[in-house]
Amino acid sequence: MSQKKAKSVKGRQSERAAAGRPRKERAFPIGRSPALEAARQRVGQQSEKARGQTTRRQQRMSNAAEASAFRYAPAAKKRLPPMQDRLNAPGVFSQLTEMSEGLFSSRKGGSAVQDIESVDEDELEKLRELDLELRLPRVPGKFDSVLLVVVLLLLMIGLIMVYSASSFISARAYGSPSYFFQRQLISALLGVIAMLVTMRIDYRIWRRFSLVGMAIVLPLLVLVLVFGTNAYGASRWFTLGPLSFQPSELTKLALSLYIADWLARKGNQVRSFLYGLTPFVLLVGLILGLVLLENDMGTAIVIAGLATAMFFTAGANIAQFLLAVGCGLLVFVPLAFRGYRFYRILGFLNPLKPEFITNINLQLYQSLLALGSGGFFGLSLGASRQKTGYLPFPHIDSIFAILGEELGFVGGAIVIVLFLALAFRGFRLARRTQDVYGALLATGLTTWLVLQAAVNIGASTASVPYTGVPLPFISYGGTSLIVSLAAVGVLLNISRYIQEPEIPLLSRRTITETFRLKRRKSDL
């Protein structure tokens, strides 16, 4: 039956083909209606739209997450690469070329690269220094806690010693043994506030106000000669009722800020006689002349020392530097051998000569008696005998002698070690600071504080001719204490931007590696 059906179907197909009629293809049902197809298209469009919205939403969430992470992530203090590597980085010279395009394109025709090649080394060095300052981190790190602890220890020792050394004099003159201590305590509080303020201000901002500071200080040094109060043979103070102000102390800070900025802008021109040495000698000589007119030889020595250290650190020519020192000695020696200074030098050369003990060497002789009677551990706090009218100025110039008498050799050694620690941390900051201005400023401030301490201690121990300068942070004196603490605040701010080494010099790892290398060399 099936064969017959197949044959009949075949026969019909052959007949249609012979007749020329095309074969009708049978249309099988698709199973989808137009309404169903339209619905399917709508669903597809909606799903594509939903997928696009989801993608955009995910992108917005990702961008928001990145923004919040960038915004709220703590700014860690990154370690800077060495200065030479950063200056020679691939992108730095191209940036310098772009920066110099407008500056040097008018000098010669041609491209900026040709112009930058025609610039001398001094201008290129200035551009590199400018690029370095712009690339330095503006996010401050941690301050030098060791330096802060050292200064606070000196401040506490000073408050205790001012009360002990001045109790007899203040009780006899003012009826209260704590008169000088109360004034010193107020000055210490003001000084700590000044230190906290300067510690929070970026030290590079002071470059804008260094010239203003000098414009304020120079008239004050002139006015104090006319309207100042003359005391103990020197005219250094402005006195207004119970308050007094000493412009020469403020001069140390203002001069440090200005010289650091001036030398940093000079660059290699510091080695030039006309543009480096001559204006430096004129500026420092003018200030030293005004201070010497006040009969303040000690402050003049400190100012000359800090200015010389900064000038030498900036890369001064050695021959020119020695020439300047020789010229300074020609001016200094006649002033040193005039009036009471001549007798002080004679007393220094003969400290125990009998005829000098009761007149020109009285203060030096009593200081040596105080230090000698203190012994190794001292007479105990408050038990000094020299402060009861024998030693002049026991709470100002001679406070180290009273400290040695009451606290002995141990107390004096602790103070000296603290000042040595201050010198180490300060010059360490100068070495690790990335910009020239910060390095010069740290050098000047540290030299000022350490040199002044050395002059005071040396005068009390007959190591240098006697001169009247306060011992920083310890001697009585409001202006000196406030200005010194403000200078320490600047040093602490510099420490927040220094480059920390990958391996500290005194770390356990460095010391271990050093011993290993020495052992290997000895084995070889």
Side-chain angles (χ1 to χ4, degrees), residues 77-87 92 125-148 150-151 194-214 252-270 280 306-316 422-450 483-501 504-505:
K77 185 179 180 181
K78 297 181 179 179
R79 299 182 184 274
L80 297 175
M83 181 186 295
Q84 191 66 26
D85 295 344
R86 294 198 292 118
L87 288 178
V92 174
E125 186 65 27
K126 290 180 181 179
L127 284 175
R128 287 182 175 178
E129 178 64 25
L130 176 61
D131 176 74
L132 175 61
E133 292 183 6
L134 293 176
R135 291 162 59 88
L136 282 176
R138 287 292 176 177
V139 179
K142 295 181 180 179
F143 56 85
D144 191 345
S145 57
V146 176
L147 177 61
L148 179 61
V150 167
V151 172
M195 181 180 68
L196 294 176
V197 171
T198 54
M199 186 175 66
R200 302 292 298 178
I201 299 176
D202 191 341
Y203 69 93
R204 288 163 283 199
I205 296 178
W206 296 113
R207 299 188 69 169
R208 308 173 188 174
F209 304 100
S210 58
L211 183 60
V212 177
M214 290 301 299
K252 301 172 187 176
L253 180 58
L255 184 64
S256 300
L257 296 172
Y258 180 76
I259 290 183
D261 178 43
W262 183 76
L263 292 175
R265 286 187 287 106
K266 284 293 180 181
N268 291 335
Q269 289 183 348
V270 175
F280 174 80
L306 72 91
T308 302
M310 296 174 72
F311 190 61
F312 185 76
T313 304
L422 173 63
F424 173 75
R425 304 300 292 192
F427 290 124
R428 178 176 175 268
L429 292 179
R431 180 174 175 269
R432 293 187 177 183
T433 303
Q434 294 303 296
D435 60 325
V436 177
Y437 174 73
L440 293 174
L441 184 56
T443 301
L445 296 179
T446 306
T447 303
W448 155 26
L449 297 174
V450 175
V483 175
S484 299
L485 287 174
V488 172
V490 176
L491 283 176
L492 290 173
N493 184 263
I494 295 175
S495 69
R496 304 180 72 184
Y497 297 92
I498 64 172
Q499 176 184 0
E500 293 291 345
L505 182 62

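Note: hydrogens, waters and symmetry copies are ignored here, and every other heavy atom, side chains too, is used.
Here the side chains of Leu263 and Met310 are in contact, with some heavy-atom distance below 4.5 Å. Using a 4.5 Å cut-off on side-chain heavy atoms (C-beta onward), Phe427 and Arg431 make no contact. Residues Val488 and Leu449 are in side-chain contact: their nearest non-hydrogen atoms beyond the backbone lie under 4.5 Å apart. By the 4.5 Å heavy-atom criterion applied to side chains, Trp206 and Asp261 are not counted as neighbours. Leu429 has its side chain out of reach of Thr446: every pair of non-hydrogen atoms, C-beta onward, lies at least 4.5 Å apart. Residues Trp448 and Val483 meet the side-chain proximity criterion, which asks for heavy atoms closer than 4.5 Å.
The minimum heavy-atom distance linking Ala264 with Leu440 is given by the pair N-CD1, 4.0 Å. Listed here is the closest heavy atom pair of Asn493 and Thr198: CB-O, 3.7 Å. Heavy atoms only, all atoms of each residue included: Ala430 and Ala439 are closest at O-CB, 3.4 Å. Tyr203 and Tyr437 make their closest contact through O-CE2, 3.5 Å (heavy atoms, listed as atom of the first residue, atom of the second, distance). Considering all non-hydrogen atoms of both residues, Asp144 and Ser495 come closest at N-OG, 3.0 Å. Ala486 and Leu253 make their closest contact through CB-CD2, 4.5 Å (heavy atoms, listed as atom of the first residue, atom of the second, distance).
Between the CD1 atom in Ile494 and the CZ atom in Arg204 there is a gap of 10.0 Å [rounded to 0.5 Å]. The structure places CE of Met195 at 11.0 Å from CG of Leu491, a figure rounded to the nearest 0.5 Å. Note that the CG atom of Leu148 and the CZ atom of Phe143 stand 5.5 Å from one another [nearest 0.5 Å]. In this structure, Thr433 OG1 and Tyr497 OH are separated by 12.0 Å, a value rounded to the nearest 0.5 Å. Atom CG of Leu445 and atom CG of Leu422 lie 10.5 Å apart (nearest 0.5 Å). In this structure, the separation between CZ on Phe280 and OG1 on Thr308 is 5.5 Å, given to the nearest 0.5 Å.
Within 6.0 Å of CH2 on Trp262 lie more than 12 heavy atoms contributed by other residues, nucleotides or ligands.
With Ser256 as the fixed residue, the side chain to side chain contact (heavy atoms under 4.5 Å, CB included) test singles out one of Leu306, Thr447, Val490: Leu306.
For Phe209, the ring-ring contact (aromatic ring centres under 6.0 Å, His included) criterion is met by no residue, not counting sequence neighbours. Every residue meeting the side-chain contact (heavy atoms from CB on, under 4.5 Å) condition with Met214, not counting sequence neighbours, appears here in chain and number order: Leu218, Ala254, Leu255, Tyr258, Leu283, Ile287.
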